[in-house]
Amino acid sequence: MEKLVLIDGHSILNRAFYGVPDLTNSAGLHTNAIYGFLNILLKILEEEKPDYLTVAFDVKAPTFRHELYNEYKGTRKPMPQELREQVPVLKETLAAMGVKMMEKAGLEADDILGTIAKRAQKEGMEVSLVSGDRDLLQVATDVIKVRIPKTKGGKTEIEDYYAADVEAKYQVNPTAFIELKALMGDTADNIPGVPKVGEKTATELMVQFGSLENLYAHVDEVGKKSVRESLITNKELAYLSKTLATINVDSPFDFSFEEARVHDFYTEEAYVAFKKLEFKNLLSHFEKGISNESITAGFQRIDDLAKAEDIFQKACEEEEVGFAILKKDGFAGIALAFADGSCFFVQNSGLLTEAYLTEKMSEAALHTRLCCGDIKSAYRYIMCDDTQRFFDVILAAYLLNPLKNDYTIADVANEYLGLMIPEWAQRFGKASLMEALSSHPEEFTQHACFLAYVALKATLVLRKKLEEAGMLTLMNEIEMPLTYVLYDMEQEGILVKPEELKAYGAALVGRISELEQRIYKEAGTEFNINSPKQLGEILFDRLKLPGGKKTKTGYSTAADVLEKLAPEHMIVADVLEYRGLAKLKSTYADGLYTFIGEDNRIHSTFNQTITATGRISSTDPNLQNIPMRMELGRQIRKVFVPKEGYIFTDADYSQIELRILAHMSGDGQLIDAYKMHADIHRITASQVFHIPFDEVTDLQRRNAKAVNFGIVYGISSFGLSQGLSITKKEAAEYIEKYFATYPGVKNFLDQAVKDAKEKGYVTTLFGRRRPVPELSSSNFMQRSFGERVAMNSPIQGTAADVIKIAMIKVHRRLKEEKLASKLILQVHDELLIETKKEEADKVRQILEEEMSRAAQLAVRLEIDLHEGNDWYEAK
DNA sequence: CCGATCACG
DNA sequence: ACGTACGTGATCGGT
């Protein structure tokens with residue numbers, strides 16, 4: 001028996017929208033409803049394996065029902081923008097999959113679905129009718145199954161209704177179900193119904209009389225007087241309601257089952273569409289090895305010295321060459337791609353060793369520009385520090401859209417070349433690099449060559465895009481040169497004293513177990529203090545401390561909550577102390593220890609494509625969050641030391657973000673404030689509160705400082721009130737006074753939001769962009785967030801640009817002046833140099849000059865500089 | 001694998 | 001009324 005699946009498009013999309021948590025792709029498009037829809041569709045297809053499939057849409061769907069709202073209010077609510085924008089995208093996606101869609105002016109999707117279902121039944125087919133709406137239950141029969149998916153908590157369960165199931169659940173058959181609805185009415189569908197008759201009465205009446213016709217024939221037998229009278233007076237309304245509630249299963253339109261026949265939906269177009277939506281886990285449905293035959297025809301594996309020589313010779317004659325290094329645990333080889341479309345994977349074998357390939361690549365870099373992804377990880381195979389010889393497509397992709405979670409060559413191929421290349425897992429599953437090479441050498445060659453091919457071809461596209469976006473200088477003068485600085489920093493690492501780090505950790509243990517015992521005693525039971533869940537239960541249920549729920553999962557036990565509870569019970573202070581020590585032990589003492597290398601140094605990774613604002617980040621371990629604010633934690637810095645004969649020179653910018661704000665806003669008052677060369681927070685307090693400078697109290701200074709912070713973060717009265725523990729109203733007054741004092745700042749922040757709304761992104765002084773898709777959200781929270789982002793990003797981002805420039809200049813100076821001292825760390829506004837003792841004066845001078853010269857602003861860029869025999873001393 | 005927490009700028 | 005400061009990463013517990 002042939003099988004047909006029919007889908008109520010808008011209804012399922014609507015269900016998915018409210019059932020799936022908010023999702024956005026990196027372009028800022030909301031995708032949660034599409035995701036939910038496709039999930040349901042694919043699930044049903046796999047379950048039913050139908051012969052035919054059709055999705056029906058209402059032609060005009062100006063309004064939509066919000067499930068919960070609707071149940072309560074019974075009215076329609078306009079379709080939210082976040083859902084509306086997904087409708088055309090879903091249709092495009094379905095079209096790309098080759099799914100048959102139906103929509104017809106003047107017909108509701110219900111009528112289309114009902115009609116097709118009945119026709120299919122006549123043809124002797126089995127039918128599954130998928131809808132989020134119970135209205136469709138009236139067309140259920142022995143062969144027409146109505147399926148209602150329910151998405152709750154990420155899982156989709158489907159309720160199935162044949163005619164008998166409808167009767168079992170609603171006590172009426174599908175035909176009578178129409179009349180049931182007619183009697184009770186449905187405001188959402190504009191079905192008036194009979195007054196006084198609700199769901200319960202309607203069911204009773206239908207059970208008793210079986211049909212509307214019969215009900216009115218024996219209307220005097222209706223027991224309840226008020227209901228009986230209402231039925232009689234509203235007879236016309238009842239029949240009108242029935243007409244409205246009835247799905248027209250005999251609608252006039254042409255429908256060809258052949259056009260709806262199911263074929264392979266996993267087309268190339270669909271793959272591209274899914275990629276664009278960033279539905280990574282749905283991509284697994286696609287068959288592996290999508291062919292790009294015209295491209296892969298030029299791919300070749302090389303394991304012969306003479307041929308390799310020819311290829312590297314050719315590379316030296318080209319203007320630009322794409323390359324990829326295949327290395328992870330083992331070294332598999334290097335792929336090279338040329339402008340004529342030829343690609344070669346030169347395999348690590350025989351005479352083609354790692355050293356040979358390194359020599360050849362170093363030579364090639366002198367003659368051709370080498371294009372690749374993630375150049376930083378390639379430098380160890382290419383002895384060349386002239387970054388003009390390279391182009392990193394991953395870095396370029398990051399600059400063009402810094403909001404993505406990760407950047408891969410496959411994504412670059414898809415986004416900028418419209419090319420799909422199979423993912424590693426699709427080709428090799430969980431095999432390691434070397435395993436894949438030995439078991440599937442030809443497949444591996446394809447993979448390697450594609451990486452190089454995409455690097456070369458995407459370079460042309462990306463360079464143009466950067467140019468159009470005004471970011472080519474940022475790329476060439478800042479980001480590319482920085483790659484080598486970061487590479488050097490990673491190579492250098494930072495020396496630690498393993499024994500002292502160990503001792504630091506050991507010193508914590510005693511106090512930690514002492515606190516542990518005290519906490520158990522105070523709680524009256526042993527439990528896991530590290531579990532917020534268990535801790536919450538102890539504090540709020542067992543000990544009955546005041547303060548209720550805060551998080552979705554239960555009680556909040558965050559530090560700011562506990563601090564307020566400290567006077568209530570001894571245990572609270574102990575927990576806070578325990579937490580602090582446990583953090584130091586696990587993350588810093590024990591955590592850092594595992595990263596100490598053979599050379600007694602820690603080599604962190606500096607990531608250049610992570611942050612939305614342009615900052616760099618540090619991982620494995622993170623050396624940008626070593627304790628500083630609390631003395632005990634700060635002591636950890638004593639284990640970070642310079643090597644023998646060296647000292648540390650540490651320089652940090654003084655309030656770089658506020659100074660950048662002064663410059664970018666051009667506010668005369670703020671610029672003048674900085675020219676006074678005095679404590680900026682005190683000046684702010686003096687000017688904002690109209691008090692002589694010398695009479696500013698500590699509290700007033702503290703408040704002014706918080707306001708300054710707030711401005712940089714994208715001020716909001718609520719945020720400031722939290723930061724200062726004052727009322728929102730007071731905070732609003734501070735802000736108002738601040739803006740009255742510095743009108744240029746207000747104007748600048750307003751303009752930033754305005755620009756972001758118009759252009760969709762904000763920019764830094766050096767042209768770096770950050771898209772702000774949240775600004776077009778209809779959700780207040782999201783939109784407010786977007787406004788703060790629009791205010792903060794130009795400031796934080798410009799500061800990131802400035803210190804990057806400083807790093808490049810400092811690095812260059814150290815090298816040019818042939819100093820042994822090395823830049824080893826960056827912590828957002830701070831640079832740390834391992835300084836040879838004899839070079840201390842020079843290093844100090846270089847840091848001072850290059851950091852303050854990194855940008856020419858309306859105010860001076862001042863730095864604080866310290867020297868010491870460990871990081872604690874130097875900071 | 002996610003959320004809560006907390007370390008930094 | 002909505003319920004938050006901006007940007008990160010590591011660890012832990014709990015599903």
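Residue numbers start from 1 in every chain, and the chains themselves are labelled A, B, ... in the order their sequence lines are given, proteins ahead of strands.
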Send over the distance from [X] [atom1] to [N] [atom2], rounded to a whole Å.
| X | N | atom1 | atom2 | value |
| --- | --- | --- | --- | --- |
| Tyr713(A) | dG9(B) | OH | P | 10 Å |
| Ile726(A) | dA5(C) | CD1 | P | 16 Å |
| Tyr555(A) | dT5(B) | OH | P | 14 Å |
| Glu657(A) | dG7(C) | CD | C1' | 9 Å |
| Ile626(A) | dT11(C) | CD1 | P | 11 Å |
| Gln608(A) | dT8(C) | CD | P | 15 Å |
| Lys404(A) | dT8(C) | NZ | P | 16 Å |
| Ile529(A) | dA4(B) | CD1 | C1' | 17 Å |

Between [options], which nucleotide has the shortest distance from any of its atoms to the side chain of [X]?
| X | options | answer |
| --- | --- | --- |
| Thr613(A) | dA5(C), dT8(C), dG7(C) | dG7(C) |
| Thr611(A) | dT11(C), dG3(C), dT8(C) | dT8(C) |
| Arg788(A) | dT5(B), dT8(C), dT4(C) | dT4(C) |
| His828(A) | dT5(B), dG9(B), dC12(C) | dG9(B) |
| Lys583(A) | dT5(B), dT8(C), dC6(B) | dC6(B) |
| Met781(A) | dT5(B), dG3(B), dT4(C) | dT4(C) |
| Val827(A) | dG9(B), dC6(C), dG13(C) | dG9(B) |
| Gln534(A) | dG9(B), dG3(C), dG14(C) | dG14(C) |
| Lys533(A) | dT15(C), dT8(C), dC12(C) | dT15(C) |
| Phe780(A) | dG9(B), dG3(B), dC2(C) | dC2(C) |

Would you indicate what [X] reaches in the nucleic acid, counting non-hydrogen atoms under 4.0 angstrom: base, sugar-phosphate, or nothing?
| X | result |
| --- | --- |
| Gly710(A) | base |
| Asp620(A) | sugar-phosphate |
| Asn779(A) | nothing |
| Gln722(A) | nothing |
| Thr557(A) | sugar-phosphate |
| Asn625(A) | base |
| Ala559(A) | sugar-phosphate |
| Ala612(A) | sugar-phosphate |
| Leu584(A) | nothing |
| Ala706(A) | base |
| Arg634(A) | nothing |

Legend entry - P atoms of dA5(C) and dC6(B), separation to the nearest Å: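 14 Å, rounded to whole Å.
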
Legend entry - dT5(B) versus dT4(C) - spacing of their P atoms, nearest Å: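 About 13 Å, rounded to a whole number of Å.
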
[X] vs [N]: side-chain N/O to OP1/OP2 distance below 4.0 Å:
| X | N | answer |
| --- | --- | --- |
| Ser618(A) | dG9(C) | no |
| Ser617(A) | dG9(C) | yes |
| Arg615(A) | dC6(C) | no |
| Ser531(A) | dC12(C) | no |
| Arg579(A) | dC6(B) | yes |

Legend entry - Parallel, tilted or perpendicular, as decided by the 30° and 60° cut-offs, for the rings of Tyr407(A) and Tyr398(A):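 It falls in the perpendicular class, over 60°.
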
Less than 3.5 Å apart, any donor N or O on the side chain of [X] or [Y] sitting next to an acceptor on the other?
| X | Y | value |
| --- | --- | --- |
| Thr684(A) | Asn708(A) | yes |
| Tyr761(A) | Arg770(A) | no |
| Thr764(A) | Arg769(A) | no |
| Thr619(A) | Asn622(A) | no |

Legend entry - Counter-base of dA1(C), judged by Watson-Crick or G-U geometry with both distances under 3.5 Å: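 The base-pairing partner of dA1(C), which may sit in any strand shown, does not exist here.
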
Legend entry - Asn405(A), CG: over 12 other non-hydrogen atoms inside 6.0 angstrom: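 Atom CG in Asn405(A) is not crowded, with 12 or fewer foreign heavy atoms closer than 6.0 Å.
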
Legend entry - Over 12 foreign heavy atoms within 6.0 Å of NZ, Lys638(A):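 Enclosed: over 12 neighbouring heavy atoms sit under 6.0 Å from NZ of Lys638(A).
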
Legend entry - Upstream residue (5' side of DNA chain C) when Val712(A) and Pro621(A) are each assigned their closest nucleotide: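 Result: Val712(A).
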
Inset, instruction - Kindly confirm or rule out a cation-pi arrangement of Arg634(A) over Tyr872(A), judged by NZ or CZ under 6.0 Å from the six-membered ring centre and within 45° of its axis? - result: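 Pair Arg634(A)/Tyr872(A) counts as cation-pi.
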
Legend entry - Donor-acceptor pair under 3.5 Å, Arg629(A) side chain vs dG9(B) base: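 Answer is yes: a donor-acceptor pair is held.
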
